[in-house]
2 protein chains.
Amino acid sequence: MNNKQLKLADLAKLAGVSTSTVSRALNDNPLIKKETRDKLKQLAKQHNFSLNTAASRLRSQKTNVVAVIINFDSGTEQSINDPFLLKVVGEINLALNKQGLELLLSNSFMAGDDWANYFINSRRADGIIVVGQGKDPANIEAAANAGVPLVVWGDPKTPSNYPIVGSDNFVGGRLATEHLLAGGAKNIVFLGDPGHAEIGERYRGYLAALNTANAIANVVSIDITSSAAYHGINQLLVAKGLCFDGIMACSDMVALGAMKALKERYISIPNDVALVGFDDIAMADVSHPSLSSIKQNTQRASVLLVEKLLAQLQGQSAKSQVVEIELINRQSSKR
Amino acid sequence: MNNKQLKLADLAKLAGVSTSTVSRALNDNPLIKKETRDKLKQLAKQHNFSLNTAASRLRSQKTNVVAVIINFDSGTEQSINDPFLLKVVGEINLALNKQGLELLLSNSFMAGDDWANYFINSRRADGIIVVGQGKDPANIEAAANAGVPLVVWGDPKTPSNYPIVGSDNFVGGRLATEHLLAGGAKNIVFLGDPGHAEIGERYRGYLAALNTANAIANVVSIDITSSAAYHGINQLLVAKGLCFDGIMACSDMVALGAMKALKERYISIPNDVALVGFDDIAMADVSHPSLSSIKQNTQRASVLLVEKLLAQLQGQSAKSQVVEIELINRQSSKR
DNA sequence: TTGAAAGCGCTAACAA
DNA sequence: TTGTTAGCGCTTTCAA
């Protein structure tokens with residue numbers, strides 16, 4: 001590294017042109033002759049020069065940064081450690097990078113309640129991607145109402161004044177349940193908290209499938225963690241014995257917790273109890289028996305989230321959108 | 001949102017004080033009387049005012065941003081989807097937030113080769129935390145040599161001109177292997193690639209333990225993924241039959257892949273083959289049998305990483321440091 | 001196709 | 001304890 005950090009003006013002097021020319025060249029402005037542009041870019045590289053982003057952000061009123069907020073429910077352990085949420089963050093990172101945008105990672109705790117202020121007024125970011133609706137959409141709504149460019153990963157069917165991208169959770173819940181029914185299950189437990197937006201839709205899909213088959217619903221409402229699932233199923237077994245032959249779990253982590261409880265009691269999967277999860281995380285394939293699951297297309301969703309955010313940044317409006325969903329049939333539900 | 005975005009000068013006018021007073025008050029400068037400070041802060045809140053970070057960064061030459069780079073090996077699938085790396089990122093996020101720092105997430109792909117330039121010269125961040133040494137430390141070294149404030153999660157024993165924080169991988173490998181030996185295992189396979197810095201240390205710990213016990217080493221070198229482990233163990237079984245009675249896996253994901261291969265062939269865990277993983281990810285507890293593992297203290301490590309980075313930012317130097325490690329004994333290795 | 005110059009909003013040195 | 005003021009490094013309008 002040189003003794004002194006170069007600035008735009010220095011580079012301009014070196015090249016014998018004006019600062020505006022260098023600025024334009026480095027920003028690929030077609031006003032500048034291609035030849036000049038290339039020459040200046042090369043000079044910049046040679047001298048290890050980089051534009052000062054603070055200065056350009058100040059001047060251009062644009063950051064090219066997107067804040068990503070992991071909006072987990074406080075009081076629950078589902079959080080920064082949830083493999084699925086993290087996978088989504090990873091995919092969003094890729095999608096943003098492809099558009100030349102950077103990712104400022106945040107949890108709702110850091111940003112406080114006033115996202116609009118914290119991220120946007122302060123020019124930390126141009127827009128926000130919220131991962132997870134949480135139980136209480138008040139913060140999101142407030143930000144959207146304040147005019148913040150904002151998109152959400154969640155259940156697209158939720159009425160909202162901001163675009164939500166996510167899976168068709170209703171269909172997912174229905175598919176999983178129909179699959180269990182087709183395998184011969186008669187008493188299918190729904191394992192998860194229907195009060196949560198996305199899970200609520202999955203639950204309604206479950207109910208719809210049961211209804212068609214004249215089967216009876218049975219909910220074990222738990223937090224979205226594997227240990228809650230483990231304890232939930234254990235308690236159910238202790239209280240009522242093996243009163244079910246199928247489980248539709250609201251997530252794979254939950255399904256795996258349930259699986260553990262079953263295996264410990266030598267309840268055979270899928271023979272005694274068939275099991276379907278949701279998310280298709282890496283572990284679904286590795287577990288034994290491997291876990292059937294509803295696969296969400298997080299990659300496609302991430303691209304859409306970024307597209308819709310960009311649309312808003314350009315003053316266009318964007319609508320909620322559903323992405324495809326798919327049943328991955330593995331051992332835990334084969335008959 | 002108001003029709004016009006307030007700036008510091010507007011707020012100063014509203015309050016009837018100078019801009020410097022407001023600036024100092026909002027930055028909690030003790031020069032300003034506490035009473036005035038509180039009054040101005042409240043006024044700011046009332047008017048939904050936030051300092052323009054671009055402007056303050058430009059002026060103060062400081063971003064309060066730390067770039068976190070996930071430095072996975074290209075060509076390998078271990079990456080943004082690895083639960084352990086992501087857990088580390090999550091912990092780092094928390095540790096940074098506690099110091100009022102923000103986290104710019106990046107993968108090595110986005111930043112390109114010239115980190116110093118991309119993050120530091122461009123004033124995107126004040127410093128860098130690299131998660132994972134990767135197989136080739138050249139990039140990191142170059143950045144460190146260029147004077148970039150930099151810390152790395154990795155193997156602290158690696159000779160380096162930058163501080164590395166991580167577990168005592170040697171002891172971890174030794175502990176795991178000794179535990180398997182104590183359980184009666186005679187032929188323990190090391191499952192992982194010793195060419196990777198951290199894993200290499202684990203391997204040497206494994207060798208040390210074997211050596212003391214006069215046992216023979218047997219390495220199955222694979223990528224750090226569960227599917228590679230699954231195939232690796234399958235191949236070994238096909239080629240040589242059940243020629244081992246213990247596996248020391250270089251990560252939990254790898255251990256779980258191996259476990260799946262064993263279960264599919266009805267090889268009993270831990271009776272026929274005992275198994276210890278590394279990392280203690282959430283799945284270790286959920287799997288069946290539950291997976292014994294070496295737990296790394298990622299929380300402590302994250303705090304240290306941030307501390308050492310801050311030290312460098314303040315012109316002090318910082319040394320590599322080892323964090324404690326612990327064997328979590330579960331079913332996969334009980335006798 | 002390029003240059004001159006103003007100014008983005010803040011902080012901190014200096015003055016009071 | 002507070003105010004005045006210069007200037008951080010860039011982009012962009014206007015002029016040539």
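Chain identifiers are assigned alphabetically (A, B, ...) following the order of the sequence lines, protein sequences preceding nucleic acid strands; residue numbering begins at 1 within each chain.
- Look at CG on L51(B): it is 20 Å from P on dC8(D), rounded to the nearest Å.
- In this entry the distance linking CG of L8(B) with P of dG3(D) reads 12 Å, nearest Å.
- We find that CG of L6(A) is positioned 16 Å from C1' of dC8(D), with the value rounded to whole Å.
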Listing, residues 303-311 of chain B side-chain donor-acceptor contacts under 3.5 Å, not counting sequence neighbours, or none:
from: K308(B); atom 1: NZ; to: K319(B); atom 2: O; distance (Å): 2.9
from: K308(B); atom 1: NZ; to: Q321(B); atom 2: OE1; distance (Å): 3.0

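- Summarising the geometry, the separation between CG on L40(B) and C1' on dG3(D) is reported as 14 Å, rounded to the nearest angstrom.
- L31(B) places its CG atom 15 Å from the P atom of dC14(C), with the value rounded to the nearest Å.
- Residue pairs meeting the salt bridge (charged side-chain N to carboxylate O under 4.0 Å, His left out) criterion with at least one member in residues 43-65 of chain A: none, sequence neighbours excluded.
- By the salt bridge (charged side-chain N to carboxylate O under 4.0 Å, His left out) test, D10(A) pairs with no residue at all, sequence neighbours left out.
- Atom CZ in R37(A) sits roughly 9 Å away from atom P in dT1(C) (whole-Å rounding).
- For the pair I32(B) and R123(B), both in contact range of DNA chain D, the more 5′-proximal nearest nucleotide belongs to I32(B).
- Between the P atom of dA13(C) and the CG atom of N27(B) lies a distance of 14 Å, rounded to the nearest Å.
- Across the protein-nucleic acid pair, D10(A) atom CG and dC10(D) atom C1' stand 13 Å apart, rounded to whole Å.
- T36(B) comes within contact range of the sugar-phosphate backbone alone, with a heavy-atom separation under 4.0 Å but no base atom that close.
- Atom-to-atom distance recorded for S317(A):OG and Q312(A):CD is 8.0 Å, nearest 0.5 angstrom.
- Residues forming a side-chain contact (heavy atoms from CB on, under 4.5 Å) with T158(B) (at least two apart in sequence, or on another chain): Q133(B), D155(B), I164(B), A197(B).
- Looking at S56(B) and T53(B), their side chains never bring a donor and an acceptor atom within 3.5 Å of each other.
- Along DNA chain D, the nucleotide closest to K33(B) and the one closest to F49(A) are compared, and the more 5′ of them pairs with K33(B).
- Under the rule for a salt bridge (charged side-chain N to carboxylate O under 4.0 Å, His left out), the partners of K157(B) that lie at least two apart in sequence or sit in another chain are D168(B), E201(B).
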How does protein contact run along nucleotides 3-8 of chain C, one letter per nucleotide 5' to 3', with B for base contact, S for sugar-phosphate only, - for none, heavy atoms under 4.0 Å?
BBBBBB
